[in-house]
**Student:** 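Here you go, one structure.
So that the names make sense, note that chain A is the first sequence line, chain B the second, and so on, each numbered from 1.
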Number of protein chains: 2
Amino acid sequence: MSCMVMFKEKGLKLTPQRRLIVNAIHGTEAHLTAEEIIGYVQTRMPGVNKSTVYRTLQLLEEAGCVYKSELGDQSIYHHAEEGHHHHLVCSRCGRTVDCAEDVFLPIERAVRDKYGFQAGFKHMVMSGLCKECRGKAG
Amino acid sequence: MSCMVMFKEKGLKLTPQRRLIVNAIHGTEAHLTAEEIIGYVQTRMPGVNKSTVYRTLQLLEEAGCVYKSELGDQSIYHHAEEGHHHHLVCSRCGRTVDCAEDVFLPIERAVRDKYGFQAGFKHMVMSGLCKECRGKAG
DNA sequence: ATAGTTATTGCACCTGGTTGCAATTATAAG
DNA sequence: CTTATAATTGCAACCAGGTGCAATAACTAT
């Protein structure tokens, strides 16, 4: 896994704690919250400090191995290899739907042409009402 | 100001603390951070607790009097009457450019058609490189 | 296998923001 | 103007996340 190699390549050390954290993210298809990753690590190796986890996640993010998306209060982490997409989060039921990457192309073009601004859209999180919840009263 | 009236209409009380908080937001064109609002209030009325400010901001937001945008770590507040727009924040120099509201219409349509998802885009914050910083080395 | 270098860990503390609760205060009614 | 009552305040404690630092552990060269 390139995540493990990345540490070595950057002159960083591959500790048991870091191995666990990488495993947590690679071992699931889901998008994990920091809390879930801390839980995963601590059940397998009690005593690991949360700051260790946060620091490692930041390293992985900076190296491009892991992506972090923010929706209001919580951040979710997912590994970079599984392809990029955006996230539609229903504000009523909380369910998340993956969304094709290219829906942001028109905006990317628009803000570049209008404002000369080069926006980067990766793993954007959009909130709203999902198909099921649109029908219900509200 | 409808913000002041709003409290009464909802059976809420119009305290000096709340008056100050509303003044802070109405008295400026800028987008204020929570910290700035707390500072504004506390210089005029020392002793006001931050939780009072946060609770009032939440009330104003729920009532639609105030909008809150989140960019990564910080939240900015602005009153709802000044018209809606999005924010382009340069990740290099930190400068913010206002962006027309309608750039999100294509996405709104796309996710509705493709996923049946009704997304709401208000005061979105997009990060990237502004016109000036695009030229510089990176 | 050993010693030396240097990154990493856990700790304790800090930050912005949130919450439960007893004391206070704005408001409505008399 | 007084009283009643319910909303609000300030407090203190809490939460997720982040930081400086001394002790520790991973890697490197021998």
**Student:** Can a salt bridge be assigned to the pair Glu101(A) and Lys122(A) using a cut-off of 4.0 Å between side-chain N and carboxylate O?
**Tutor:**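 Here Glu101(A) pairs with Lys122(A) in a salt bridge, since their nearest N and O are under 4.0 Å apart.
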
**Student:** Provide, to the nearest angstrom, the distance between the CG atom belonging to Asn49(A) and the P atom belonging to dG17(D).
**Tutor:**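 Rounded to the whole Å, the gap is 14 Å.
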
**Student:** Establish whether Met45(A) and Leu57(A) are linked, either directly or via other cluster members, by ILVMFWY side-chain heavy-atom contacts under 4.5 Å.
**Tutor:**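 As far as the 4.5 Å side-chain criterion goes, Leu57(A) and Met45(A) are connected within one cluster.
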
**Student:** For His79(A), give me all partners under ring pair (Phe, Tyr, Trp, His ring centres under 6.0 Å), at least two apart in sequence or on another chain.
**Tutor:** His26(A)

**Student:** Could you tell me which residues satisfy ring pair (Phe, Tyr, Trp, His ring centres under 6.0 Å) with His87(A), sequence neighbours excluded, listed by chain and number?
**Tutor:** His31(A), His78(A), His85(A), His123(A)

**Student:** What range of DNA chain C does chain A touch, first nucleotide to last, counting atoms under 4.0 Å from its heavy atoms?
**Tutor:**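 The protein-touched segment is dT6(C) to dC11(C).
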
**Student:** Less than 4.0 angstrom between a side-chain N/O of Arg18(B) and OP1 or OP2 of dA7(D), yes or no?
**Tutor:**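 It does not, given that no N or O in the side chain of Arg18(B) lies less than 4.0 Å from OP1 or OP2 of dA7(D).
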
**Student:** For Phe7(A), enumerate each residue passing the ring pair (Phe, Tyr, Trp, His ring centres under 6.0 Å) test, keeping only those at least two apart in sequence or located in another chain.
**Tutor:** none

**Student:** Could you give the CG-to-C1' distance, from Leu32(A) to dA16(D), as a whole number of Å?
**Tutor:** 17 Å

**Student:** From NZ of Lys50(A) over to C1' of dC14(D), roughly how many Å is that when rounded to an integer?
**Tutor:**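 In whole Å, dC14(D) C1' and Lys50(A) NZ are 11 Å from each other.
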
**Student:** In whole angstrom, give the distance that lies between atom CG of Leu12(B) and atom P of dT5(D).
**Tutor:**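 One finds 20 Å between P of dT5(D) and CG of Leu12(B), rounded.
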
**Student:** Backbone N or O of Gln118(A) within a donor-acceptor pair of the Arg134(B) side chain at under 3.5 Å?
**Tutor:**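 Checking the backbone N and O of Gln118(A) against the side chain of Arg134(B), no donor-acceptor pair under 3.5 Å is found.
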
**Student:** Ile25(A), Ile38(A): one ILVMFWY side-chain cluster at the under-4.5 Å cut-off?
**Tutor:**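 Hydrophobic grouping puts Ile25(A) with Ile38(A).
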
**Student:** Tell me, which of residues 36-48 of chain A have any heavy atom that sits under 4.0 Å from an atom in DNA chain C?
**Tutor:**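 Close to the strand are Gly47(A), Val48(A).
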
**Student:** Tyr40(A) ring centre to Arg44(A) NZ or CZ under 6.0 Å, with the angle to the axis within 45°?
**Tutor:** yes

**Student:** Let me know, please, whether Gln17(B) or Ser51(B) comes out on the 5' side of the other along DNA chain C by nearest nucleotide.
**Tutor:**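 Counting from the 5' end, the first nearest nucleotide belongs to Ser51(B).
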
**Student:** Output a table of nitrogen or oxygen pairs between the protein and nucleotides 21-25 of chain D separated by less than 3.5 Å.
**Tutor:**
none

**Student:** Would you check if the side chain of Gln42(A) reaches a backbone N or O of Val48(A) as a donor-acceptor pair within less than 3.5 Å?
**Tutor:** yes

**Student:** Between dC27(D) atom P and Met4(A) atom CE, what is the distance in whole Å?
**Tutor:**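 In whole Å, dC27(D) P lies 12 Å from Met4(A) CE.
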
**Student:** Would a hydrophobic clustering, with Ile, Leu, Val, Met, Phe, Trp and Tyr connected at side-chain separations under 4.5 Å, put Leu129(A) with Phe121(B)?
**Tutor:** no

**Student:** State yes or no: do Leu60(B) and Leu20(B) share one hydrophobic cluster built from I, L, V, M, F, W and Y residues joined by side-chain heavy-atom distances below 4.5 Å, directly or via other members?
**Tutor:** yes

**Student:** Relative to the 5' end of DNA chain D, which residue comes earlier, Gln58(A) or Glu35(A), by the nucleotide with the nearest heavy atom?
**Tutor:** Glu35(A)

**Student:** Report which part of the nucleic acid Lys8(A) touches: base, sugar-phosphate, or nothing (heavy-atom distance under 4.0 Å, all strands).
**Tutor:** sugar-phosphate

